[in-house]
Amino acid sequence: MGFSKEMVIKAVKENGQNEGAVLDALLTYKTFEESPEDEQVLVDPCHAELASNVLDVYPDEEICENEEFKNLSTEKDRTVSLLVEMGYQAEEALAAIDRCSLDTPIAELVEFISAAQFAYHTDAQLGELSYDNKIHQHQKVCVLFLSELTCSSDLRFLNQLYTMFLVGFPKLNGPVYMSKKKRKYYDNEMQKLQKQRKYLEKQPMDHDNEIVHLPNPMVGFGVPNQPSPVLFQRRIPDEAEGRPYFYFENVALAPKGVWHTMSRFLYYIDPEFVDSKFFCAAARKRGYIHNLPIENRSQLLPTPPSTIHEALPHTKQYWPSWDKRMQLNCILTCIGSAKLTDRIKKAVEKSGDDEPLPGVKKYVIQQCKKWNLIWVGKNKVAPLEPHEMEMLMGFPPNHTRGGGISRTEQYTVLGNAFQVDTVAYHLSVLKSMFPDGISVLSLFSGIGGAEVALHRLGIPLRNVVSVEISETCRKILKSWWDETNQQGKLIHFHDIRMLTAHELEKCMSTFGGFDLIIGGSPCNNLAGGNRSTRNGLEGSKSCLFFEYYRIIELVRSMMRHR
DNA sequence: TACACGATGAATACAACT
DNA sequence: AGTTGTATTCATCGTGTA
């Protein structure tokens, strides 16, 4: 069929014996190979790989010693001329430097320009739309590209592109970078990709390979006091092995295909699905993708109460015998209203001291389960209090209190948090590995579930770089940090989308790299409770998963070559 | 202005059944 | 193997009120 031997070998290596995937990969290579020579630097699948290799040897420093550049007046001029030398226009180079700052490594500037060019092009294709709408369309296009390509170097390049869309390239407001020749080339590329997409959409999908099955019971690789599950071989590819360890979390009951995609991005590691009802008195079905060892885990002590009665003893005296609940449902971000509890009270009181009619009982139980209501008085139900949620989730008392936080916001941040005991069980294996403490990169930190878990395990927190967009959450974590008298350093970043490789490099050079990357990406567009925008990884919040992926890939590749 | 409330179902898994 | 019924779910939005 005209493919070169090297290509076929590469494709088989990356896709195994799956003929369809191999063919797809070959077609993709072919697409790129046919690019005109002088444009290759822009969309060549090897380009991203090249860039990351270059990054490893710090080319800008190396080249700085070259005589040719010493005569140039400023560092900026030097960088610009270097980029021009590489085939970029001076305007592009200047815009990139202005946007990224001058001391950004050359490889990152190159990636920025490449992504900006492609982004600009797709932007032109979308025509007249509102800014927000455009950004969202770009994200969609990117997700589609990303989910079609399986070659890892393609993924790296497109990931950079994706970042560009997220960051909002049109704000550049720069000149039109593309020459007519380039524009034509991009049009051509776009058409090919769209054709490929349509072709793939028509193909009958091999759904069996795409479905990630949830274990029943949901005990992951094992939980305390439960029979061990039958374990299939747990395979962690070499490139995902070892330090820095990573730990990713999200809702287990995401739309179909989402976990398969997330697993594909995170080195094809099988997710570990665990229900926190095996750790505390409330359910919480979550999936975790991590490369931690799973032997010799240990529980957090003291073990928390496992039933409603033990966890909330004051409810015992009011709990009717016909409410058979032993554990609570998942703690969400919204609570039942006062009027609802009122209606329930009236309905139950109608029957006096007798048991309510079956119809009433059914209604009450249904509402109690739906809204996680507990019995706090005679015939009286109420939603959980924030401090009760904190306790159930494994946080210290009043963790989310103070700092001018509203009650509603307390519920929101608690509903988004880790169940500390569950996460700590998985992280417990780190204790013997890092007896002197660990350096943590905490993404989407929220109220600091990861930090609390590590602290309660007795693992000293040497350095914590926390990325969290909500100011209230950052305040909560900071005040916990101060209250628990932490000796290490806590550094906050605001927006993960703005976190550059350069900033990470700076952190890592002072900390000696990271030991653990931990976090759960936003689930807003994955969660079952979302009626309006449950649109999967394309959603405006949940698409930040790809940022999580970007950071992991970045940190790990930087640390591999330190 | 900030906060609390109430209306807004569908997607998914699974047990039980034909 | 297909069908039916049951249970659960890290939510968003506009609106009224203090």
Side-chain angles (χ1 to χ4, degrees), chain A residues 207 210-218 248-260 262 273-277 280 282-288 324-325 327-344 362-363 365-373 382-386 389-390 392-395 400 403-420 422-423 443-450 468-473 519-537 539-542 544-545 548:
Chain A
H207 280 299
E210 294 236 326
I211 289 176
V212 176
H213 294 283
L214 301 175
N216 187 16
M218 201 179 274
F248 168 81
E249 178 257 15
N250 216 316
V251 289
L253 285 82
K256 272 183 179 171
V258 166
W259 272 105
H260 183 264
M262 295 193 295
F273 293 104
V274 184
D275 191 339
S276 293
K277 72 177 182 184
C280 70
R284 202 167 185 81
K285 297 177 186 67
R286 295 292 180 269
Y288 307 88
K324 306 285 186 198
R325 285 178 298 161
Q327 290 188 305
L328 292 163
N329 277 335
C330 185
I331 287 171
L332 306 177
T333 54
C334 298
I335 59 159
S337 66
K339 278 192 177 174
L340 173 69
T341 61
D342 238 33
R343 279 201 294 275
I344 291 174
K362 194 179 173 188
Y363 165 75
I365 294 287
Q366 217 171 47
Q367 293 300 313
C368 283
K369 284 184 177 175
K370 184 175 176 184
W371 292 103
N372 244 354
L373 303 173
L384 291 164
E385 292 292 324
M389 286 191 185
E390 288 169 350
L392 288 163
M393 300 286 276
F395 288 92
T400 62
I405 189 173
S406 77
R407 200 179 158 82
T408 319
E409 202 166 1
Q410 261 186 298
Y411 283 124
T412 305
V413 296
L414 278 164
N416 282 312
F418 281 169
Q419 207 289 318
V420 171
T422 313
V423 172
L443 306 174
F444 310 105
S445 305
I447 58 174
E468 170 57 49
I469 201 158
S470 152
E471 196 193 337
T472 10
C473 285
S521 66
C523 68
N524 308 36
N525 310 109
L526 312 178
N530 190 338
R531 276 118 139 117
S532 46
T533 52
R534 194 186 187 190
N535 43 9
L537 288 177
S540 58
K541 303 279 188 357
S542 296
L544 291 176
F545 162 78
Y548 188 101

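Quick note: numbers below take in every heavy atom, side chains included, and nothing from hydrogens, waters or symmetry partners. Owing to the predicted nature of the structure, the values given are computational and were not obtained by experimental measurement. Chain letters run A, B, ... following the sequence lines, proteins first, then strands; residues in each count from 1.
- Looking only at side-chain heavy atoms (C-beta outward), Leu443(A) and Phe248(A) stay at 4.5 Å or farther from each other.
- Within 4.0 Å (heavy atoms only), Glu409(A) reaches no atom of the nucleic acid at all.
- Here Arg407(A) lies in heavy-atom contact (under 4.0 Å) with sugar-phosphate atoms only.
- Put simply, the side chain of Gln419(A) does not reach to within 4.5 Å of the side chain of Val423(A), judged on heavy atoms.
- Under the side chain to side chain contact (heavy atoms under 4.5 Å, CB included) criterion, Pro383(A) pairs with Ile335(A), Thr341(A), Leu373(A), not counting sequence neighbours.
- Residue contacts for Cys330(A): at a heavy-atom cut-off of 4.0 Å it reaches the sugar-phosphate backbone alone, with no base atom in range.
- With sequence neighbours excluded, the residues satisfying side chain to side chain contact (heavy atoms under 4.5 Å, CB included) with Pro522(A) are Phe444(A), Asn524(A), Lys541(A), Leu544(A).
- Taking the ring pair (Phe, Tyr, Trp, His ring centres under 6.0 Å) definition, one finds that Tyr288(A) meets it with Tyr247(A), His426(A), sequence neighbours left out.
- Counting only heavy atoms from C-beta outward, the side chains of Arg407(A) and Glu385(A) approach each other to under 4.5 Å.
- Proximity of Asn250(A) to Phe545(A): side-chain heavy atoms (C-beta onward) are nowhere separated by under 4.5 Å.
- With the nearest nucleotide of DNA chain C identified for both Asn524(A) and Lys369(A), Lys369(A) has the one nearer the 5' end.
- If you take atom P in dT8(C) and the same atom in dT8(B), they sit 23 Å apart, rounded to whole Å.
- At dT9(C), one or more side-chain N or O atoms of Lys285(A) fall inside 4.0 Å of OP1 or OP2 (strictly under the cut-off).
- Atom-to-atom, CD of Gln367(A) to C1' of dT8(C) comes out at 14 Å; the value is rounded to the nearest Å.
- Gln366(A) places its CD atom 14 Å from the P atom of dT9(C), with the value rounded to the nearest Å.
- The side chain to side chain contact (heavy atoms under 4.5 Å, CB included) check on Lys362(A) picks up nothing, with sequence neighbours excluded.
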Show me the protein contacts with nucleotides 2-4 of chain C, counting only N or O atoms at under 3.5 Å.
none

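- The closest side-chain heavy-atom distance from Trp371(A) to Leu340(A) is below 4.5 Å.
- Summarising the geometry, the separation between CE on Met218(A) and P on dC10(C) is reported as 10 Å, rounded to the nearest angstrom.
- Looking at heavy-atom distances under 4.0 Å, Ser521(A) makes contact with a base.
- Rounded to a whole Å, the CG atom of Leu340(A) is 16 Å from the C1' atom of dT8(B).
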Can you name the atoms? Protein N/O to nucleotides 14-17 of chain C N/O, anything below 3.5 Å, with the distance.
none

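- The nearest whole Å value for the distance from the CG atom in Asp275(A) to the C1' atom in dT9(C) is 12 Å.
- Arg531(A) meets the salt bridge (charged side-chain N to carboxylate O under 4.0 Å, His left out) test with no other residue; sequence neighbours excluded.
- Scored by the side chain to side chain contact (heavy atoms under 4.5 Å, CB included) test, Lys324(A) finds no partners at all (sequence neighbours excluded).
- To the nearest angstrom, C1' of dC10(C) lies 14 Å from CG of Asn329(A).
- Shown here are the salt bridge (charged side-chain N to carboxylate O under 4.0 Å, His left out) partners of Glu471(A), two or more places apart in sequence or in another chain: there are none.
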Base, backbone or nothing for each nucleotide of nucleotides 9-16 of chain B, written B, S, -, heavy atoms under 4.0 angstrom, 5' to 3'? BBSSSSS-
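- In DNA chain C, runs of at least 3 consecutive Watson-Crick or G-U pairs, each pair with both distances below 3.5 Å, span B:1-8 with C:11-18, B:10-18 with C:1-9.
- In this structure, the side chains of Arg284(A) and Thr422(A) stay at 4.5 Å or more apart for every pair of heavy atoms.
- Using atom P as the reference point in both dC10(C) and dC5(B), the two lie 22 Å apart (nearest Å).
- A straight line from CG of Leu526(A) to P of dC10(C) spans 9 Å, rounded to a whole angstrom.
- Checked against salt bridge (charged side-chain N to carboxylate O under 4.0 Å, His left out), Arg286(A) has the following partners two or more places apart in sequence or in another chain: Glu249(A).
- Between the base of dC10(C) and the side chain of Arg284(A) there is a donor-acceptor pair shorter than 3.5 Å.
- With rounding to the nearest 0.5 Å, the separation of CD1 in Ile447(A) from CE in Met393(A) is 6.5 Å.
- Atom-to-atom, OH of Tyr411(A) to P of dA2(B) comes out at 21 Å; the value is rounded to the nearest Å.
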